[in-house]
Amino acid sequence: MARPVLIAVDDEKEVLRSVERDLRRKFADRLRIVGAQAPDVALNVMRELKERNEPVALILSDQRMPKMNGVEMLEEADCIFPNAKRVLLTAYADTEAAIRAINSAKVDYYLMKPWNPPEETLYPVLEDLLDDWFAEYDPPFEGIKIFGHRWSPETHALKDFLARNQVPYQWIDVEHAKGDPDLDRLVAENHGKLPLVTLPEGPCLQNPATAELAERIGLSQVGLSSQAKSEFYDLAIVGGGPAGLAAAVYGASEGLSTVLIEKDAPGGQAGSSSLIENYLGFPKGLSGAELARRARDQAHRFKVEMLSPQEARSIGENNGYRTIELGDGQLLSCRALLLSMGVSYRRLDVPGEEKLYGKGVYYGATLSEAMSCADERVVIIGGANSAGQAAMHFCKYAREVLMLVRGLGLSDTMSQYLVDRIQDTPNIEIRPHTQTKGLVGEERLEKIQVAGPGGEETIECDGVFIFIGAEPHTAWLGDAILRDDKGFIVTGADVLEHPRGKEVWPLKRPPMLLETSMPGVFAAGDVRSGSVKRVASSVGQGSIAVQLVHEFLREVKA
Ligand SMILES: Cc1cc2nc3c(=O)[nH]c(=O)nc-3n(C[C@H](O)[C@H](O)[C@H](O)COP(=O)(O)OP(=O)(O)OC[C@H]3O[C@@H](n4cnc5c(N)ncnc54)[C@H](O)[C@@H]3O)c2cc1C
C-alpha cells in the first residue's frame, strides 16, 4: 500500500530542498515526502493524489509566497484533504497572520523560520500531529473484498472458506453500504447477483466455487492446489485435520512421497477453535487458526502435496495398490492410505433448521461470524468443551450469550477450567435442562423456541451456534471399510471383533494397531471408533500411523 504523503511547499528552492531533506531524515520510513515550489503546484499534486486515492497526512507550507500565500493555499487544500494536518512556516513578522489562520485556514500549528535544530523545533511538533493523524487514519483496504448479505449462506460459506485458510479479507454488508455509488455500480455491472468477490488485481467473481477462489487468490503459494502433480504416491492421506497433518509431516520428513487431500481447509475442527489451551508446549494457548497455519507451513516445507480444497469420493484397490477417486474425477494410487476425516457436528433436527441454516444458524464456532454479533444476543447449543470455548469467544463481541444445555449443567461434559471461566463471565447465561424445539424466522433467524424447567419459551436472538454430538465423515466409504454402529472406523484388534471382521479381513496376520479392515489402509484421529477427541491424541495417532505404514511397506516389499 502507498505510504501517506507529507507535502512541503516553499517558493525558495534552497529552503525547500533543506526542509525536504530534514523531513526525509525523520519521516521517510512511514511517509512519502513530496516538495512543491509553488502553491498551485502543491494544489495540483493534491488533486492528483486524491484522484489516485492516496492519502495526505500533513501539509507544511511557507507563508510568504507570490500570487498565493500559505494561508490561502491551506484554505484551498482543506477542500481536497480536510483531514490532513496543516503547519505554517512563518517569519517573525508574520506571526499575527499565522495566529489568525489557526481558525480561518484550520492551521494546526505555526513554526518560526529557521527551524534549526529540527530535533528541537520541527520534529516534536510534526510527530505529535502525525501521531494524531495516524490514530484516526483508516487505511483503505486493498485486499480481497466480499460483497454480500449478512444472512446469505453463500456469503457465509465464502467468508468461512477464507477465514479457515487464514486469508485476510474485508466483508462489505451490502445492506449497510446501500447508496454507496461505487457499490451500486459494482452490483449493477453484475446484474444484482450476490455475493461478489473482488481481488486486488483481476476480475470480479460472482459467487465463486471455493476451488475457483482458491486458484484465483493463489493458495498455491502456501502449498495448496486442487490438482495433483502425480498419479502415484507412497502415502495418501484423506483429511487435513491435526491427525492428517501430523501424518503428512512425519511421512514426508521420513522420505515418503505424500499427498494430503482436504475438502475445506487444512486444520480441520481444530482450525475453528478460538483458543486451544491444553495442547502441550503452549502455556498461554494458541488459536486453532495459528495451529493450522503452522502445521500447514511445516507440511509445505517438507514438500507434502496438499490438495485443498479437494474431496475424496471413493476408495478402492487395484493391483495391490490403493486408489482414491477425487471430487473432480482425478484418480490417484498409493502404496498406503490414511483415513483421518474427523467428525462434524450432528444436525439439529428441529423445525426451521433447514430453512435457516447459514442465515443465522451455524454449526461450530464459525469465528468469521463472531464480530458480526457485536451488541447482539447469541445462543449456543451444547455443553461440551467446544461449546464452552465458543461461549468464551462470543462473549467478547455479543451483548449476551445464552448457553442451552440438555443436561444438569456443564461440569459433566466440560473441562473444569472452562466451567470456571464461564461462570465468572457476566454476559454468559447457562440454561440447564433446556432443549431446542424450533428455529423461527423468514429471511433470517429471529427467534428460538426452547423447553426448559420453566416450560416453553420463545427467545429473540440474532445467531444460533450448534455444538451437539459428532458424526464421522465416513458415509462416502461405502462398504469398503468396516465401521461401528455410529459410523466410526474400526481399527486394530477391533476389526476381527466386528461381526463381519473375519469374513472381510484377507490376511493371515491380524490388523496392525491403526489398520482398518482393508490392509494398508489406516485410520487416525476422531474418525476412529473409540478415539479420544483431542488435538494431541489425533496428532499422536497421525504420527504412529506413519510408523505402521513403514511396517506395511516393508511387508509388501518382502
Ligand atoms: C470448536 C472446537 C474446539 C476444540 N477445542 C479443543 C481443545 O481445546 N483441545 C483439544 O484437544 N481438542 C479440541 N477440539 C477437538 C479437536 O479439534 C479434534 O479432536 C481434532 O481436530 C481431531 O482431529 P482429526 O484430524 O482427527 O479430525 P478433524 O480435525 O475433524 O479434521 C478432519 C478433516 O478431514 C476433512 N475431510 C472430511 N472428509 C473429507 C473427504 N471426504 N475428503 C477430504 N477431506 C475430508 C475435513 O474437512 C477436516 O478438515 C475442539 C474441536 C472443536 C470443533
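Numbering of ligands and ligand atoms starts at 1, following listing order.
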Salt bridge present between Arg431 and Glu457 (N-O < 4.0 angstrom): yes
Could you walk me through whether Glu515 and Thr491 pass side chain to side chain contact (heavy atoms under 4.5 Å, CB included), step by step? CA-CA 5 Å; Glu515 202 169 20; Thr491 52; over 6 Å; no
Below 4.0 angstrom from a heavy atom of Asp264, which ligand 1 atoms are there? Numbered from 1 as shown, please. 47 (O)
Between Leu275 and Lys284, which heavy-atom pair has the shortest distance, and what is it? CD1-O, 4.2 Å
Check each atom of ligand 1 against the heavy atoms of Gly525 and keep those under 4.0 Å away; list them by number with element. 26 (O)
Give yes or no for whether the N/O distance cutoff of 3.5 Å, strictly under, is met between Gly267 and ligand 1. no
So, taking the atom named CD1 in Ile172 and the one named CZ in Arg150, what distance separates them when rounded to the nearest 0.5 Å? 15.5 Å
Return yes or no for this condition: an N or O of Ser538 is under 3.5 Å from an N or O of ligand 1. yes
Pick one of side chain, backbone, both or neither for how Trp476 approaches ligand 1, counting any non-hydrogen atom pair under 4.0 Å. side chain
For Gln310, take its heavy atoms, then give the atoms of ligand 1 lying under 4.0 Å from any of them. 43 (C)
Below 4.0 Å from ligand 1: does a non-hydrogen atom of Tyr279 turn up there or not? no
Select the closest option to atom 19 (O) of ligand 1 among Val532, Asp526, Leu286, judged by heavy-atom distance. Asp526
Need the ligand 1 atom indices (1-based, order shown) with element for anything under 4.0 Å from a heavy-atom of Gly342. 27 (O), 28 (P), 30 (O), 32 (C)
If you measure from each non-hydrogen atom of Arg534 to ligand 1, which part falls under 4.0 Å: side chain, backbone, both or neither? both
Is it the case that ligand 1 has an N or O less than 3.5 angstrom from some N or O of Arg164? no
Centroid-centroid distance, Phe232 to Tyr321, less than 6.0 Å: yes
For Phe394 and Phe465, take the angle between the two ring planes, folded into 0 to 90°, and tell me which bin it lands in: parallel under 30, tilted 30 to 60, perpendicular over 60. tilted
Would Val535 count as a polar contact of ligand 1, with the cut-off being nitrogen or oxygen pairs under 3.5 Å? yes
What about Val527: any of its N or O atoms under 3.5 Å from an N or O on ligand 1? no
Against heavy atoms of Gly240, which atoms of ligand 1 measure under 4.0 Å? 33 (C), 34 (O)
For Gly239, the ligand 1 atoms whose distance to one of its heavy atoms is below 4.0 Å: 33 (C), 34 (O), 35 (C), 44 (N)
Against heavy atoms of Val343, which atoms of ligand 1 measure under 4.0 Å? 30 (O)
One residue to check: Phe465. Relative to ligand 1, which of side chain, backbone, both or neither has a non-hydrogen atom less than 4.0 Å away? neither
From Asp484 CG over to Arg528 CZ, what is the distance, rounded to the nearest 0.5 angstrom? 11.0 Å
Would you kindly specify which portion of Ser340 sits under 4.0 Å from ligand 1, judged on non-hydrogen atoms: side chain, backbone, both or neither? backbone
Pi-cation contact, Trp151 with Lys359 (under 6.0 Å, within 45°): no
For residues 334-349, which residue pairs qualify under salt bridge (Lys or Arg N to Asp or Glu O under 4.0 Å), counting only residues two or more places apart or in two chains? Asp234-Arg335, Arg347-Glu353
Nearest 0.5 Å, please: how far is CG in Leu548 from CG in Leu338? 10.0 Å
I'd like the name of whichever of Lys263, Arg313, Lys533, Gln389 reaches closest to atom 15 (C) of ligand 1 through any heavy atom. Lys533
Measure the acute angle between the ring planes of His393 and Tyr397, then classify it against the limits of 30° and 60° as parallel, tilted or perpendicular. perpendicular
Give the contacting part of Val238 toward ligand 1: side chain, backbone, both or neither, where contact means a heavy-atom distance below 4.0 Å. side chain
Out of Gln269, Arg528, His393, whose heavy atom sits nearest atom 28 (P) of ligand 1? Gln269
Under 4.0 Å from a heavy atom of Gly268: give me the atoms of ligand 1 that qualify, with their elements. 29 (O), 31 (O), 48 (C), 49 (O)
Answer with yes or no whether Asn385 contacts ligand 1, where contact means a heavy atom under 4.0 Å from a ligand atom. no
Measuring centre to centre across the rings, with the benzene-like ring taken for any Trp, is Phe302 within less than 6.0 Å of Tyr250? no
Ignoring hydrogens, what is the shortest heavy-atom contact between Gly542 and Ala524? Give both atom names and the distance. N-CB, 4.0 Å
Quick one: pull up CG in Leu418 and CZ in Arg421 and give me the separation to the nearest 0.5 Å. 6.5 Å
